[in-house]
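Inspection log for the structure reproduced underneath, given as structure tokens.
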Amino acid sequence: MAKIITRFPPSPTGNFHIGSARTALFNYLFANHNGGEMLFRFEDTDRERSKPEFEKDIIEGLAWLGLHTAPSAFRQSERTEIYKKHLLKLIENGAAFEAEDSTTTLGMKVVRFKNPNKTVTFHDAVRGDITFDTTELGDFIIARTHDLPLYHLAVVIDDAEMGVTHIIRGEDHISNTQRQLLLIEALGFVRPEYAHIPLILAPDKSKLSKRHGAVSLSEYRAQGFVPEALVNYLALLGWNPGGERELYTLGELEKEFTLDRVHKSGAIFNIEKLTWFNFEHLKQLSNEEYTMRLKEFTGRDVDARIVPLIKERAQTLAEAARLLGEYDFLGAISYAPELLLQGGKIATEVASNHLRALAVLLEPVPDEGFSAAQLKSIIMPYADSQGRGVVLWPLRVALSGREKSPDPFTLAALMGKKETLARIARAVESL
RNA sequence: GGCCCUAUCGUCUAAUGGUUAGGACGGCGCCCUCUCACGGCGCAAAUCGGGGUUCGAAUCCCCGUAGGGUCACCA
């Protein structure tokens with residue numbers, strides 16, 4: 001069986017769109033599942049709208065997601081001669097003809113395809129047979145001049161020359177397929193297999209676009225989403241391997257992916273579910289890896305000791321960055337007596353006595369004994385006998401200086417014996 | 001409007017003629033608890049409508065209805 005070749009052909013006329021990323025993912029998954037490869041090219045025949053910065057954004061986004069393509073990236077704008085050769089052939093054998101420009105430019109000629117006005121049927125791997133009557137298309141334009149081919153012509157020639165066997169693209173291309181089929185026939189090319197995947201929809205069920213909020217991959221990256229989560233979530237929008245499992249790595253998706261399980265109907269993009277996937281994948285990162293990503297995300301140094309605390313709470317790296325500031329318990333803190341007394345609910349005498357008692361309790365504990373579990377077993381019996389609230393609250397605030405924080409055992413273990421006792425002493429003093 | 005596509009909880013989905021229609025997100029409630037989270041348990045919530053076919057239909061067929069895509073010298 002011939003090697004399977006898919007392709008991802010974005011036009012660099014905007015930042016890497018989330019829907020485009022999913023199309024790339026499906027092509028990647030299908031190719032790799034079958035031991036083939038995904039090719040990459042820029043469709044920049046529209047010179048006006050194509051921009052280098054968009055090319056950069058797309059290339060970086062692809063790399064960030066971990067979707068490697070065959071080293072064949074090129075631009076359609078650099079292949080004029082190839083298109084010209086085929087275009088001339090079409091004119092020569094009468095399949096295309098030059099016609100007057102219908103717009104204002106005088107004397108200009110465009111090339112139109114001579115439509116045979118017939119019915120075409122193609123098989124779609126996700127939708128079955130689809131039939132069109134091409135008559136309504138008329139003699140559509142395929143090139144502005146001999147040197148400026150339009151989309152349909154360039155696509156068909158590139159796919160044939162690159163040996164593309166499977167075209168997997170959004171369903172907004174279904175109606176484009178008829179023109180391309182006609183061109184493929186006229187050029188004598190082999191017809192590839194088609195699979196039109198459902199669109200990613202906005203909450204109002206229309207095609208997801210800028211007016212609905214964030215649509216480019218880089219925006220999600222900036223919001224603290226990790227590629228593992230995007231890949232996992234996007235793969236499950238419009239495709240499902242069956243069963244109830246939801247968490248997959250890119251490699252696992254690759255093993256499972258088949259076109260016959262791609263859905264027919266559009267899927268609404270839901271940021272909350274994406275956020276859940278992000279949290280799950282974030283939790284699966286090792287502390288070292290997590291620290292690295294957080295450093296990269298914030299561009300600042302990260303105290304590795306507090307990463308485990310952040311990891312179990314932050315759903316995104318942006319939230320982790322926020323907690324990083326909030327959990328800066330190790331730095332200088334000051335005490336507000338009202339806070340130590342839980343806004344007056346605890347009497348000054350009571351809090352101060354318990355804190356003193358805790359210091360006495362902790363004094364004999366060796367440095368190595370300052371683990372959260374150890375400390376809990378030492379402090380809890382005392383707290384239980386005296387009342388948890390009046391013991392634990394002042395202690396936690398003494399250590400964190402804050403209204404909200406992790407539990408006092410975790411904090412004490414984090415800062416060690418010396419700092420713990422010093423903070424308790426200072427808290428007593430401030431009372 | 002023409003052509004094309006689609007239709008299971010609010011959302012993502014499971015089910016490939018036989019299930020009390022399952023799971024997840026979100027929501028709500030309870031538990032855990034010194035705080036904020038995390039976590040655990042539970043509840044509500046769906047087969048668009050109408051006809052067939054069949055012993056039996058979410059599933060197959062037809063007709064409606066609704067939604068979407070596309071109708072460029074853009075891709």
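Only a predicted model underlies this, so the values are computations on that prediction, with no experimental measurement involved.
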So, is A:Ser175 close to the B:C5 phosphate, meaning a side-chain N or O under 4.0 Å from OP1 or OP2?
-> no
Side-chain N or O of A:Trp276 less than 4.0 angstrom from OP1 or OP2 on B:C25?
-> yes
If we take the C1' atom in both B:C32 and B:G40, what is their distance in whole Å?
-> 8 Å
Of the candidate nucleotides B:C74, B:C5, B:U11, which contains the atom at the shortest distance from the side chain of A:Ile174?
-> B:C5
Assert yes or no for the condition that the ring centre distance of A:Tyr220 to A:Phe277 is strictly below 6.0 Å.
-> no
Within the structure shown, what part of the strands sits under 4.0 Å from A:Asp44 by heavy-atom distance: base, sugar-phosphate, or nothing?
-> nothing
Any side-chain N or O of A:Arg261 under 4.0 Å from OP1/OP2 of B:A15?
-> yes
A:Lys205, nearest nucleotide to its side chain (from B:A75, B:G68, B:G23) = B:G68
Considering only heavy side-chain atoms of A:Lys283, the closest of B:G39, B:C12, B:G69 is B:G39
On RNA chain B, check which nucleotide each of A:Phe409 and A:Pro241 is closest to and give me the residue with the more 5' one.
-> A:Pro241
Could a donor-acceptor pair under 3.5 angstrom be found where the side chain of A:Arg313 meets the base of B:C36?
-> yes
Contacts of A:Gln76 and A:Leu236 projected onto RNA chain B by closest heavy atom; the upstream (5') one is A:Leu236
Between B:C74, B:G23, B:U35, spot the one nearest the side chain of A:Lys273, thanks.
-> B:G23
Please measure how far the C1' atom in B:U54 lies from the corresponding atom in B:C60, and state the result in whole Å.
-> 10 Å
Answer with yes or no whether A:Arg396 presents, from its side chain, a donor or acceptor under 3.5 Å of a partner atom in the base of B:C34.
-> yes
Using 30° and 60° as the class limits, which term best fits the ring planes of A:Phe42 and A:Phe40: parallel, tilted or perpendicular?
-> perpendicular
Candidate nucleotides B:C25, B:U35, B:G23, ranked by approach to the side chain of A:Glu244 - the nearest | B:G23
Distance between the C1' atoms of B:A15 and B:C74, in whole angstroms?
-> 42 Å
Spacing between A:Arg322 atom CZ and B:A37 atom P, to the nearest angstrom = 11 Å
Candidate nucleotides B:C12, B:A14, B:A75, ranked by approach to the side chain of A:Asn240 - the nearest = B:A14
Charged N-O contact under 4.0 Å between A:Lys264 and A:Asp124 = no
In whole Å, what separates the P atom of B:U8 from that of B:U59?
-> 12 Å
Rounding to the closest angstrom, what is the interatomic distance between B:G1 and B:U53 at atom C1'?
-> 35 Å
Would A:Lys207 and A:Asp172 pass as an ion pair if we require N to O under 4.0 Å?
-> yes
Side-chain N or O of A:Lys207 less than 4.0 angstrom from OP1 or OP2 on B:G67?
-> no
Compute the centroid of each ring, for A:Phe257 and then for A:Phe26, and state whether the two points are separated by less than 6.0 Å.
-> yes
Polar side-chain contact A:Arg49-B:C74 base: donor and acceptor under 3.5 Å | yes
Is a donor-acceptor contact shorter than 3.5 angstrom present between the side chain of A:Lys404 and the base of B:A37?
-> no
Are A:Glu228 and A:Arg293 close enough for a salt bridge, meaning some N to O gap below 4.0 Å?
-> yes
Using the C1' atom as the reference point in each nucleotide, state the distance between B:C9 and B:A44 in Å, no decimals.
-> 10 Å
Closer than 4.0 Å, any side-chain N/O of A:Arg388 to the OP1 or OP2 of B:C34?
-> yes
Identify which nucleotide among B:U35, B:U6, B:U13 has an atom closest to any side-chain atom of A:Trp393, counting heavy atoms from C-beta outward.
-> B:U35
Between A:Glu326 and A:Arg402, is there a salt bridge with N-O shorter than 4.0 Å?
-> no
Out of B:C12, B:C74, B:C5, which has the shortest distance to the side chain of A:Glu171?
-> B:C5
Heavy atoms under 4.0 Å, any strand shown: does A:Pro10 hit a base, just sugar-phosphate, or nothing?
-> nothing
Provide the distance between the two C1' atoms, one in B:C48 and one in B:G67, to the nearest whole Å.
-> 11 Å
Is the phosphate of B:U70, meaning OP1 or OP2, less than 4.0 Å from a side-chain N or O of A:His196?
-> no
If you measure from the C1' atom in B:C38 to the same atom in B:C31, how many Å do you get, rounded?
-> 14 Å
Closest listed nucleotide, where the reference is the side chain of A:Phe279 and the choices are B:U70, B:G39, B:G2 | B:G39
